Amino acid sequence: MAARTAPARAPRSGLRVIPGRSSSPARLSIRQLGLLLLAVAMFFALIYSRIFLDSAAFDLTRLEGLISEQESRFDELRLEVAQLESPQRIYAEAQAMGMVLPEEGRTVYAPMPVATDAIEQLASAGSTPLLATVGAR
Amino acid sequence: MGRKRWRPQHLRLFFVGAFFLAAWVVIGVKLVFVQGVQAQTLEDQALDQRLRTVTLEADRGTIFDRDGRELALTIEATTIYANPREISDPGLTAAALSGLLGRPVGELQADFEKDTSFVYVARKLLRDEADAIRELDLDGLHFIVEPKRVYPSGDLAAQVLGFVGTDNGGLEGVEQMYEDVLAGEPGQLVFERSGRGRVIPQGEYEVREAVRGQDIALTIDGELQFFAQQEAVATMEETGAKAVHVVVLDVTTFEVLAMASAPTFDPNHIGSDADLFRNRVVTDTFEPGSTQKLITVAAAIEEGIVTPETTFEVPDSIEVFDREYFDFTEHETQDMTVADIVAGSSNVGTILVWQELGDPLLYRYLQGFGLGTYSGIDFPGEVPGLVRPAEEWCESCGASTSIGYRVAVTPLQMTSVFATVGNDGVWMQPQVVDAIIEEDGESAQPNQQNQRVLSVETAEVMRTLLTGVVETGTGQLAQVPGYSVGGKTGTTEKFEPDLICPGTTVPGCYGDDVVASFIGIGPSDDPRLAIGVFVDSPRADKKRTGGVAAAPAFSRVMRFALHQLGVPPDAR
């Protein structure tokens, strides 16, 4: 009986076949999907809140600038009013209009009015009738 | 069994692995170093770069007159500074700014060529002025907001108000006197900023608000002050005087309604003449001369030594120890009542009254009327004047003092003497501040001292005598149409400390200059006001007596003031 040589083994390629799995693809449950959506929503809500706060802060800065500008304007108007009220200006304007200080002051004495019911009523209510005041002077 | 052989790919893997391991080790070490060892330092450095601390200047309180008119207020202004290193063309920038700022091109260009990162271009500009420059959009210019003190009525009551320095600290007048009240407390703002200087939202932000200064209401009546200033200037021009001072006091409260000096200054544009800054009504003294005869006579009447009808035989000169005193005009020896002595302002007659009164009593009354001591108005630079104690007086000193020499007083002190007579003999501390207004609108009134110097009866007698001066005596030009007023003239030679009298070697002598004054009260029967007009060194070729140089201004100011207060005429 003649000896047989064993057939040469094909060199191993290092690859092997893995038998396919027959399992069906995993499906997300409704609960898991809800949680995922909630997480995404929360993420966006967080982003939005940051943007909102930042934009509010920018608005605040802008408003503060506006307030400062208006305060500055108020100051200038206040200064203008004070300058307009200045005796120098009024005196110069009056002079330009041809006005002069009176040579002699005149006092006009109004007669004391006869007390009427209306005046008494005013007096009892705590008011000082103008005519009575003028007359008293 | 054979040894395992390293193949090239194994070596490469080894080196790559080792490299990454070493890299991770380095990163890890650095991480520990940065996050651990250096953590605090780096954190502080980062915060320092981002954090900015700004001092919030407190708004300075407003100063009002008695009617609520704003005499001094603080507004926001813009200060412009430049960083010369950011300016590419200094010449062009200087040329663009020169016209708007009113500064020479060369001066600005020199500033912009300096090797520095900060140089002031203009300080405290109003908004419109700053906006005009902002619109040029020039490189290297920066704008900051600063408070600016402004005086909307210009020179009105300038010497009373004073002014502030560039740092807004009070330097003169009420601004200096009430610095603590007006200044307020500065605040602080801490915030994080980006590289571009913008506030980082959600970053560190801490603010401590500044506390605004309190407001002050003065007793000054703006319109009366204006008129008094006008009259001071007019009198200065009429008489050629070096200076004229006018004081108006309310005799019932001793409130200063007007305190004017000419020449004056504009606190918005203070010049370099510091002489103009001080309120000479309280800082300068003079010898009161004949106006002080009021005190001598009032003291003698109060002490029961004389009455207005007491008659003296009055020559036109009198010798007291080593000195001889003369009346202003020569006259024969004549009988004069005390009323005549006051009306005619007789030096000799007043010295005769003093001889009856004596030094100690005269000194006591000088003190009683507030001479030689601070008035209590507490004004910066106020001087007490000079009244030496009676025990230090020489043998003729009393005679000189009785007619207003050897005594130094301020215009305010002397006007207060007449106000005391108008106030039925009660001297009060003059006041220039009516109220300090708290943040809640409440106001605090300063305390005021007072003392009786004369009885009501003596004060009334003195008012009659003073009315005689105006009706028939030396002060007739002080008459006010429609009103009865009283007062006293004064003309005093000025003592020059550096002048050497002929025949002597010691400096100190009376020169040619005089102080002409008129102080009076009105209306005589029910006084409301005391007014003093002081003419310093009227020119020699002009009328130089108090009755001519000062009395007309008194008349005009008194008339205006009585109209202003609505006081009805009382002339008989």
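Quantities reported herein were computed from a predicted structural model and do not represent experimental measurements. The chains referred to below are lettered A, B, ... by the order of the sequence lines, with proteins before strands, and numbering in each begins at 1.
Annotation: maximal heavy-atom pairing with chain B below 4.5 Å, among A:Ser68, A:Ala56, A:Ala82, occurs at A:Ala82. In terms of heavy-atom pairs under 4.5 Å with chain A, the best-connected choice from B:Gly154, B:Pro152, B:Gly222 is B:Pro152. Chain A forms the most heavy-atom pairs under 4.5 Å with one residue out of B:Gln229, B:Arg556, B:Glu76, and that residue is B:Glu76.
In this structure, chain A has a heavy atom under 4.5 Å from the backbone of B:Thr74, while its side chain stays farther away. If you measure heavy-atom distances from B:Gln230 to chain A, the contacts under 4.5 Å come from the side chain alone. Residue contact with chain A, scored on non-hydrogen atoms closer than 4.5 Å, involves the side chain of B:Phe560 exclusively.
The heavy-atom pair separating B:Thr62 from A:Arg78 by the smallest distance is OG1-NH2, 2.8 Å. The minimum heavy-atom distance linking A:Leu79 with B:Val150 is given by the pair CD1-CG2, 3.6 Å.
Expressed to the nearest 0.5 Å, how far CZ of B:Arg127 lies from CD of A:Glu76 amounts to 5.0 Å. Put simply, CD on A:Glu80 and CD1 on B:Ile75 are 11.0 Å apart, with the number rounded to the nearest 0.5 Å. Here B:Leu126 contributes atom CG and A:Asp75 contributes atom CG; the two are 10.5 Å apart, rounded to the nearest 0.5 Å. One finds the CD atom of B:Glu223 at 10.0 Å from the OG atom of A:Ser86 (value rounded to the nearest 0.5 Å).
The environment of A:Gln95 atom CD is dense: over 12 non-hydrogen atoms of other residues, nucleotides or ligands sit within 6.0 angstrom. Within 6.0 Å of CZ in A:Phe52 there are 12 or fewer heavy atoms belonging to other residues, nucleotides or ligands. More than 12 heavy atoms of other residues, nucleotides or ligands sit less than 6.0 Å from atom CG of A:Leu66.
A:Gln88 places a side-chain N or O within donor-acceptor distance of the main-chain N or O of B:Ser153, the cut-off being under 3.5 Å.
Between A:Pro87 and B:Leu156, some side-chain heavy-atom pair lies under the 4.5 Å cut-off.
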